[in-house]
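So the structure is just underneath, and the comments pick up after that.
Numbers restart at 1 for each chain; the letters A, B, ... are given by sequence-line order, proteins then strands.
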Amino acid sequence: MTSATTAHSVVEPSATTRRFAGSLVVLYAIITMIPLVWIMLTAFKSPDDAISYPPKVMFKPSLEGFCNLFTTRSRQTPEFIRSLGPPQGLCDSIARSRNMVVAGPSNYVPRFINSLIIAFGSTVLAVALGTLSAYGFSRFRVPLKDDLLFFILSTRMMPPIAVAIPIYLMYRTIGLSDTRLGMILLYTSVNVSLAVWLLKGFIDEIPREYEEAAMIDGYTRFQAFVKVVLPQATTGIAATAIFCLIFAWNEYAFAVLLTSGNAQTAPPFIPIIIGEGGQDWPAVAAGTALFLVPIVVFTVLLRKHLLRGITFGAVRK
Amino acid sequence: MNELSASSRITYRAVMVRPGVARRIRGLSDRTLAWLFITPTIVLLLAINIFPLLWTIYLSFTNYRANRANVPTIWLGADWYQSILTDPDIWAAMQVTAHFVIWTVVIETVLGFGLAYLIDKKFRGHGLWTTIILLPMMLSPAVVGNFWTFLYQPQIGLFNYVVAFFTGRAASSFQMLGDVTLSPWAIVIVDAWMWTPYVMLICLAGLRSIPDYIYEAAEVDRASKWRQFWSITLPMALPFIMLAVLFRGIENFKMFDMVNLLTGGGPGSTTEVASITLKRAAFESWRTGYSSAFAIILFVTVFGLANIYVKALNKVKSR
């Protein structure tokens with residue numbers, strides 16, 4: 001190929017190179033997806049299909065995993081079950097086919113709701129505090145600015161378990177242990193460092209002249225912040241919010257050490273879903289699959305901002 | 001107190017440059033506003049990060065046990081530090097941790113850089129496949145650990161089936177989570193599966209930051225592709241690779257979630273990383289003072305290593 005006839009620059013990879021690179025990446029992507037696809041499939045298997053060997057790729061779909069996830073069941077004699085009226089809904093009829101009756105709802109829904117409340121609560125707080133601080137650091141001459149920013153970042157270097165002990169003691173003293181509020185405050189404090197760093201990057205990119213112009217038009221500094229800077233920073237704020245949400249949604253160490261019943265989120269709960277005779281894999285898979293859905297959606301929404309979020313904005317894209 | 005004196009020195013700047021604007025300012029002054037904006041974050045961090053850290057330091061010098069709050073607290077001095085630093089079990093746990101950090105970081109860096117290099121060739125559909133590759137790192141490490149225990153089941157697990165299929169061994173003849181030689185690798189595999197995309201993403205940013213004209217100049221000089229890779233691509237992407245190594249190193253030093261779910265530190269203590277030892281001491285045997293001292297030692301180690309590393313990173317960057 002002579003350079004005179006090529007439309008693209010000399011550094012563009014050739015078609016063969018691209019195809020070769022592409023097939024290797026696609027191969028890796030497929031291998032990486034197998035565990036996720038497998039867990040999604042397992043959620044729709046019957047307990048027998050889930051533990052069959054060799055593993056079954058083709059199977060008759062069943063909702064038993066989801067039923068077992070959402071209900072608790074008790075074993076009864078066939079005579080007793082026959083004496084009952086018609087089954088109450090799908091899950092009851094599945095349970096009865098295994099000589100059980102539905103005894104009540106499981107704890108998955110309350111745990112899931114805790115996850116929602118704690119993740120969204122701490123995200124709203126962290127983003128609100130983070131936006132204010134980021135604006136403060138971006139626009140005002142704050143003494144010891146670099147030291148404060150580094151201090152904020154360094155709070156993330158601590159192993160969670162190192163601070164879990166005194167937080168446990170402190171929460172026990174002031175009555176915040178095993179409460180949603182306590183977990184919201186804790187996750188907010190972890191997330192706020194990320195929020196400040198990310199949002200400072202986004203706000204730094206908004207020209208100061210916009211606010212100055214608004215202030216010439218008679219806005220106060222605060223009005224200029226609310227009416228000019230905030231709308232400009234919307235994408236950055238949204239991206240930051242999703243990162244905070246993902247962290248709070250996925251957090252495990254604090255949740256398992258500091259909550260027991262009341263405020264426990266889904267990550268410590270999913271592994272302890274036990275069926276009769278050991279772990280009920282379809283139910284665990286169903287719980288996992290439902291738990292993963294929001295994250296998968298957010299990842300797709302976030303892909304453009306991912307890099308900033310995972311590096312605290314240390315790498316700009 | 002420090003904050004108060006600090007905030008009183010906050011000056012405003014954007015407004016001062018245009019005298020016409022200053023007269024028009026109504027409501028809060030910039031100084032007050034800056035103070036109002038920054039303080040809540042600092043207060044929260046002091047309350048939920050710094051105060052507990054100071055408390056940990058205090059507890060590390062006492063015999064306090066969280067499950068026996070009535071026993072009078074005795075000041076022990078540096079006794080715990082001495083016993084931890086001379087305890088062979090602790091050194092074993094630190095070694096296990098170091099092995100995990102080294103192996104996971106090496107594997108993730110090689111794979112991640114390789115993937116980034118391939119994706120940078122901009123083949124058709126690279127955006128979609130990149131997003132798919134990124135999925136694992138967005139998941140909860142605990143939930144990931146949990147579903148990998150299912151894949152690793154010797155009788156029914158997909159992982160064992162696939163390995164058995166390709167090697168011809170019986171699937172139930174090896175227990176990824178129960179065998180002393182295999183279980184550390186079981187964790188390394190899951191960690192690499194989950195976090196290679198992270199390294200890949202940072203490396204990709206590094207590769208994209210290399211301007212085309214450098215390669216064009218190299219082409220004019222007839223440098224081979226191999227030579228271009230070693231003399232341009234790798235050195236220019238190096239600061240980014242090092243940044244990825246730093247972040248993964250810090251995270252994996254703190255590794256807890258996945259290990260706790262996959263093996264809980266076993267079999268024996270072959271996968272007992274520092275965080276697991278710490279959790280056992282703090283929340284199972286309730287040796288609060290002892291575990292506080294260990295927590296401080298860990299924190300100082302991470303902080304010290306990270307600082308040394310950042311100095312090296314800055315040197316590479318400024319080259």
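- A/P160 has its side chain out of reach of B/F256: every pair of non-hydrogen atoms, C-beta onward, lies at least 4.5 Å apart.
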Test side chain to side chain contact (heavy atoms under 4.5 Å, CB included) applied to B/T149 and A/W281, step by step = CA-CA 10 Å; B/T149 56; A/W281 291 113; 3.5 Å; yes
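- Residue contact with chain A, scored on non-hydrogen atoms closer than 4.5 Å, involves the side chain of B/I50 exclusively.
- For B/W286 and A/Y168, the distance between ring centers is under 6.0 angstrom.
- With a threshold of 4.5 angstrom between heavy atoms, B/F150 approaches chain A through its backbone and through its side chain.
- Within the 4.5 angstrom heavy-atom criterion, no atom of B/Y117 approaches chain A.
- Here the shortest heavy-atom pairing between B/N49 and A/V163 reads O-CG1, 4.2 Å.
- Residue B/T130: no heavy atom, backbone or side chain, is found under 4.5 Å from chain A.
- Most heavy-atom pairs under 4.5 Å with chain B: of the set A/V25, A/L186, A/V190, A/T288, this distinction falls to A/V25.
- Both the backbone and the side chain of B/Y161 come within contact range of chain A, each with at least one heavy atom under 4.5 Å from a heavy atom of that chain.
- Across every non-hydrogen atom of A/Y28 and B/P197, the tightest pair is OH-CD, 4.4 Å.
- Your options are A/A285, A/P268, A/S189, A/G136, and the one with the most heavy-atom pairs under 4.5 Å with chain B is A/S189.
- A/I310 CD1 to B/L134 CG: the interatomic distance, rounded to the nearest 0.5 Å, is 8.0 Å.
- Heavy-atom pairs under 4.5 Å with chain A were tallied for B/T288, B/L59, B/I250, B/L44; the largest tally goes to B/L44.
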query = Can A/F291 and B/L139 be said to form a side chain to side chain contact (heavy atoms under 4.5 Å, CB included), step by step?
reply = CA-CA 9 Å; A/F291 186 77; B/L139 310 177; over 6 Å; no
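- For the options A/V300, A/I31, A/T299, A/T131, heavy-atom pairs under 4.5 Å to chain B are most numerous at A/T299.
- Interface remark: A/I51 contributes backbone and side-chain atoms alike to the contact with chain B (heavy atom separation under 4.5 Å).
- Every residue two or more places apart in sequence or in another chain that forms a salt bridge (Lys or Arg N to Asp or Glu O under 4.0 Å) with A/K56 is listed here: A/D49.
- You'll find the side chain of A/F151 reaches within 4.5 Å of the side chain of B/L45, heavy atoms only.
- With a threshold of 4.5 angstrom between heavy atoms, A/A164 approaches chain B through its backbone and through its side chain.
- Checked against a 6.0 Å centroid threshold, the rings of A/F225 and B/F37 count as neighbours.
- To the nearest 0.5 angstrom, A/S23 atom OG is 9.0 Å from B/L118 atom CG.
- Neither the backbone nor the side chain of B/A274 comes within less than 4.5 Å of any heavy atom of chain A.
- The CD1 atom of B/I38 sits 8.0 Å away from atom NZ of A/K145, with the distance rounded to the nearest 0.5 Å.
- Here the side chains of A/T188 and B/I48 are not in contact, with every heavy-atom distance at 4.5 Å or above.
- When the candidates B/L261, B/L298, B/I296 are compared by the number of heavy-atom contacts under 4.5 Å with chain A, B/L261 comes out ahead.
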Full working for side chain to side chain contact (heavy atoms under 4.5 Å, CB included) between B/F303 and A/S154 = CA-CA 9 Å; B/F303 207 81; A/S154 69; 3.9 Å; yes
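- A distance of 4.5 Å separates CD1 in B/I42 from CG in A/L148, rounded to the nearest 0.5 Å.
- The closest side-chain heavy-atom distance from A/I165 to B/F283 is below 4.5 Å.
- Contacts between A/V296 and chain B at a heavy-atom distance below 4.5 Å involve backbone atoms as well as side-chain atoms.
- In this structure, chain B has a heavy atom under 4.5 Å from the side chain of A/L302, while its backbone stays farther away.
- Summarising the local packing, CZ of A/R19 is surrounded by 12 or fewer heavy atoms from other residues, nucleotides or ligands at distances under 6.0 Å.
- Only the side chain of B/L243 comes within less than 4.5 Å of a heavy atom in chain A; its backbone stays farther off.
- Rounded to the nearest 0.5 Å, atoms CG (B/L36) and CZ (A/F222) are 9.0 Å apart.
- For chain B, the nearby parts of A/L185 are the backbone and the side chain; heavy atoms of each come within less than 4.5 Å.
- With a 4.5 angstrom heavy-atom cutoff, B/A244 does not touch chain A via any of its atoms.
- Contacts between A/L292 and chain B at a heavy-atom distance below 4.5 Å involve the side chain alone, from C-beta outward.
- Rounded to the nearest 0.5 angstrom, B/I132 CD1 and A/I30 CD1 are separated by 8.5 Å.
- Taking the side chain as every heavy atom from C-beta outward, A/I167 and B/W55 never approach each other to under 4.5 Å.
- Looking at every heavy atom in both residues, B/V143 comes nearest to A/P267 through CG2-CA, 4.4 Å.
- The shortest non-hydrogen separation linking B/T41 to A/V196 is CG2-CG2, 4.2 Å.
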ask   = When you look at A/Q279 and B/N146, which way does the side chain to side chain contact (heavy atoms under 4.5 Å, CB included) test go after all the steps?
value = CA-CA 11 Å; A/Q279 200 129 22; B/N146 186 47; 4.2 Å; yes
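- Residue B/D120: no heavy atom, backbone or side chain, is found under 4.5 Å from chain A.
- Contacts of B/I202 with chain A are made by both backbone and side-chain atoms, with heavy-atom separations under 4.5 Å.
- For the set A/L129, A/I161, A/I295, the count of heavy-atom pairs under 4.5 angstrom toward chain B peaks at A/I161.
- Side-chain atoms of A/R303 do not come within 3.5 Å of backbone N or O of B/L128 as any donor-acceptor pair.
- Heavy atoms of B/I119 lying under 4.5 Å from chain A belong to its backbone as well as its side chain.
- Here the shortest heavy-atom pairing between A/Y53 and B/Q155 reads CD1-O, 2.9 Å.
- With contacts defined as side-chain heavy-atom distances shorter than 4.5 Å, the pair B/M138/A/F298 does not qualify.
- Only the side chain of B/Q153 comes within less than 4.5 Å of a heavy atom in chain A; its backbone stays farther off.
- A heavy-atom distance below 4.5 Å is not found between the side chains of B/F123 and A/T17.
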List, one per line, each side-chain donor-acceptor pair under 3.5 Å for residues 32-42 of chain A, sequence neighbours excluded.
from	atom 1	to	atom 2	distance (Å)
A/T42	OG1	A/W38	O	2.7

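- Comparing A/L257, A/I246, A/V192 by how many heavy-atom pairs each has under 4.5 Å with chain B, the most go to A/L257.
- Contact annotation for A/F254: neither backbone nor side-chain heavy atoms come within less than 4.5 Å of a heavy atom of chain B.
- In the displayed structure, A/F20 atom CZ is contacted under 6.0 Å by at most 12 heavy atoms of other residues, nucleotides or ligands.
- Proximity to chain A (any heavy atom under 4.5 Å) is shown, for B/Y213, by neither the backbone nor the side chain.
- Heavy-atom minimum distance, B/M137 versus A/L306: CE-CD2, 4.0 Å.
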